[in-house]
Amino acid sequence: MLLALILLPLAGAALALALPRPRARAWLLPACGAAHLALCVLVLRTPPQATPWLGLDALARLVLPVTSVLFLACALYAVDYLHLPTGRFTPFNRGSDRVMVPCLLLFLAAMTLAVAARHLGLLWIAVEATTIVSAPLISHNRNAFSIEATWKYLLICSVGIALAMLGLLFTAYAALGPGEQATLQFDALLRQAPQLSRPWLRAGFVFLLVGFGTKMGLAPLHTWKPDAYGEAPGLVGALLAGGLTSVACLAILRGVQLMAGAGDGPLARHALLALGLLSLVLAAAFMVRQPDIKRLLAYSSVEHMGILAVGVGVGGLAAYGAMLHLVNNALTKGSLFLAAGNIQRAYASKRLSEVRGAMAALPVSGGLFLAGFLAITGSPPFGPFLSEFTILRGMFGAGSHAVAALVLAVLAVVFLGMGATVLQAVQGEPPTLCEEFRNGCRDSLLLAAPPLVLLLLVLGLGLWLPEPLQRALRDAAALLEVTP
Amino acid sequence: MDTVTDALLLAVILINFYALGTSRLLACIKAAALQGALLALLPLTMHGLAWHTLVLGAEALLFKGVCIPLLLRHAIRETRIRRELEPLIGYVPTQALGVLLTACSFVFAERLPLAAAQHAFLLVPTALATMFAGFLLLTTRRKAITQVVGYLVLENGIFLFGVLLSRAMPFMVEAGVLLDLLVGVFVMGIVMRQIGREFSTLNTRRLSALKE
């Protein structure tokens, strides 16, 4: 059952390579996305028997549906995106859909595998695979900027992931006691956790944190993020900022689980807390007066990864809030990146010097961009407000008043900084757009509906948390709090 | 077999120094290839002849010693680049740094709480020294291709550490890790070709348009 969930997109990718017609290839994406989501619901309703290789624990049950929903939205968007005219005046979409469609499907397969993996080696392989298959996606526009961004992404993330492998080996070494067999099977490791050799486990966690933290984009390991998110097509940015970061976060949480099981939870939490606070402060500093709307979103992603890390770092209620925030952030970022992609195409630019009056030029995308900004900065009644509020309540409850004050201050700075850029982009009179863009880049149904639906989901999560989701969140947070 | 293992490990360290000191890209690629090929023998000399070690060694030899170097040679032949010019730090200073870091690795490895004393004592310091050499290549060189070689040397160092634990890694996982490396370098090769076409150089100093 779980295997089918991973094999389905793989089969789709193979089919995409075989299909001759571009239109059919494009429609394959939502078909696979919908089938993946349906299978995902089925798997969540009747959890399959876990094997030593694959299984769904509470954390995976949380991340899997988020990835699936986000992918379906991006897949629907991709149908019209790939159909857009590619002309002399369009500095985007110059890559071939023959590359993009299979890579998107492989990306989904790799993310699913990473979420469901119960063997740390398998988890590593899957995360590395996400790096490799997303590189052609980032360079899709085939201009000097996107190639530069791809090179940085590929090199920095490959080195980061290599360090994560070192962390895994250290962890395996920690299990190598007298008469013990070293293993990387996660359940076996968790059982042995109290007996693991402390120094090696700690060293292993640090390298895991650095390695997967690079993928997640925690400061100071985030340097590839603004470039990659800024130059990738909007839908790829949405998948990276919503899906990949959640998967990388899950990989780090596996390390936290092990440390907590070994009785070293506080050390892991402090490390996360430190990186999280650094991410918050650095991201806020670069968001103020940011003239590029997509780089702005990238720094916002760094900021929210920081919030996740801080939430898990404080623990207790804040960890529950962080789990909720993971869901909210993924969906909101998806909506924002898709809307930003529409705006960028209409203006043939993503810089404030050209982008003005997006609300008047593109009523739906411009409006979504503004609403998405309100959502991501934690304004009620959207979901992120609820999760950030829960995290802050958790901090005050746990007595970390100084941390809470710092987070609140940073959130205020981010609101003001991000607001200045976003308002400049959406308000005012739009400049006369070049005729080619006017015709080609109106808000069509498939380009506007997916971000709208994602944002409505976020709004729904802010108003009402369904009982199954609450249970999943509680279970996921409880997994991080295990004490030996 | 321990003397063979030690000889192999010494050769790996010497190759590190050679790669740090040479300016010719082809020589650099060949050094990484030779290093990969030597590493492929280690599972055999350390864990004895077995089905697992034999296949692992063969795969490592094929990927690290043959496929990846061929990919990289193909990349430099297309872009007609022969030498690494103007590195960030000169060759002699990087070599000296490499020697210093190698010495540090030996001192550091002495202090590590190593569980199994039966392993060749050179292994852990060699792994550390090779990783440091990889990092030096990655950070001090400007050509995209030398950076990839640096990444390969770094991976070689991690592979060395992995040999200690080849029992923790089921065969499928080892195979997957090596395959990921191969495909990763393949994709890097494609991006390098795009860089060459777009910028007509493989100098990554030109890749600096994106910043705040």
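Throughout, a chain's letter reflects where its sequence line sits, starting with A, and its residues are numbered from 1. Because the structure is a prediction, the values reported are computed rather than measured.
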Less than 4.5 Å to any heavy atom of chain B: does that hold for the side chain of [X], its backbone, both, or neither?
{"X": "A:Tyr299", "result": "side chain"}
{"X": "A:Ala135", "result": "side chain"}
{"X": "A:Ala149", "result": "both"}
{"X": "A:Gln185", "result": "neither"}
{"X": "A:Ser158", "result": "both"}

Highest number of heavy-atom pairs under 4.5 Å with chain A: which of B:Gly157, B:Gly150, B:Ser208?
B:Ser208
Per-residue tally against chain A (heavy atom, under 4.5 Å) across B:Val187, B:Ile195, B:Val173, B:Asp180 peaks at B:Asp180
Per-residue contact mode, [X] against chain A (heavy atom under 4.5 angstrom):
{"X": "B:Leu154", "answer": "side chain"}
{"X": "B:Ala144", "answer": "both"}
{"X": "B:Leu138", "answer": "side chain"}
{"X": "B:Tyr151", "answer": "side chain"}
{"X": "B:Leu112", "answer": "side chain"}
{"X": "B:Ile158", "answer": "both"}
{"X": "B:Phe135", "answer": "side chain"}

For the CD1 atom of A:Ile161 and the CD atom of B:Glu155, what is their distance to the nearest 0.5 Å?
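So the CD1 of A:Ile161 and the CD of B:Glu155 are separated by 10.5 Å.
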For the residue pair B:Met131 and A:Leu166, what are the closest heavy atoms and their distance?
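Minimum heavy-atom separation between B:Met131 and A:Leu166: SD-CD2, 3.6 Å.
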Locate the shortest heavy-atom distance separating B:Glu198 from A:Arg142; write the atom from each residue and the value.
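Of all heavy-atom pairs spanning B:Glu198 and A:Arg142, the closest is OE1-O, 3.9 Å.
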All ring pair (Phe, Tyr, Trp, His ring centres under 6.0 Å) counterparts of B:Phe171, not counting sequence neighbours:
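B:Phe171 satisfies ring pair (Phe, Tyr, Trp, His ring centres under 6.0 Å) with B:Trp51 only.
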Which class fits the ring pair A:Tyr173 and B:Phe161: parallel under 30°, tilted 30 to 60°, perpendicular over 60°?
tilted
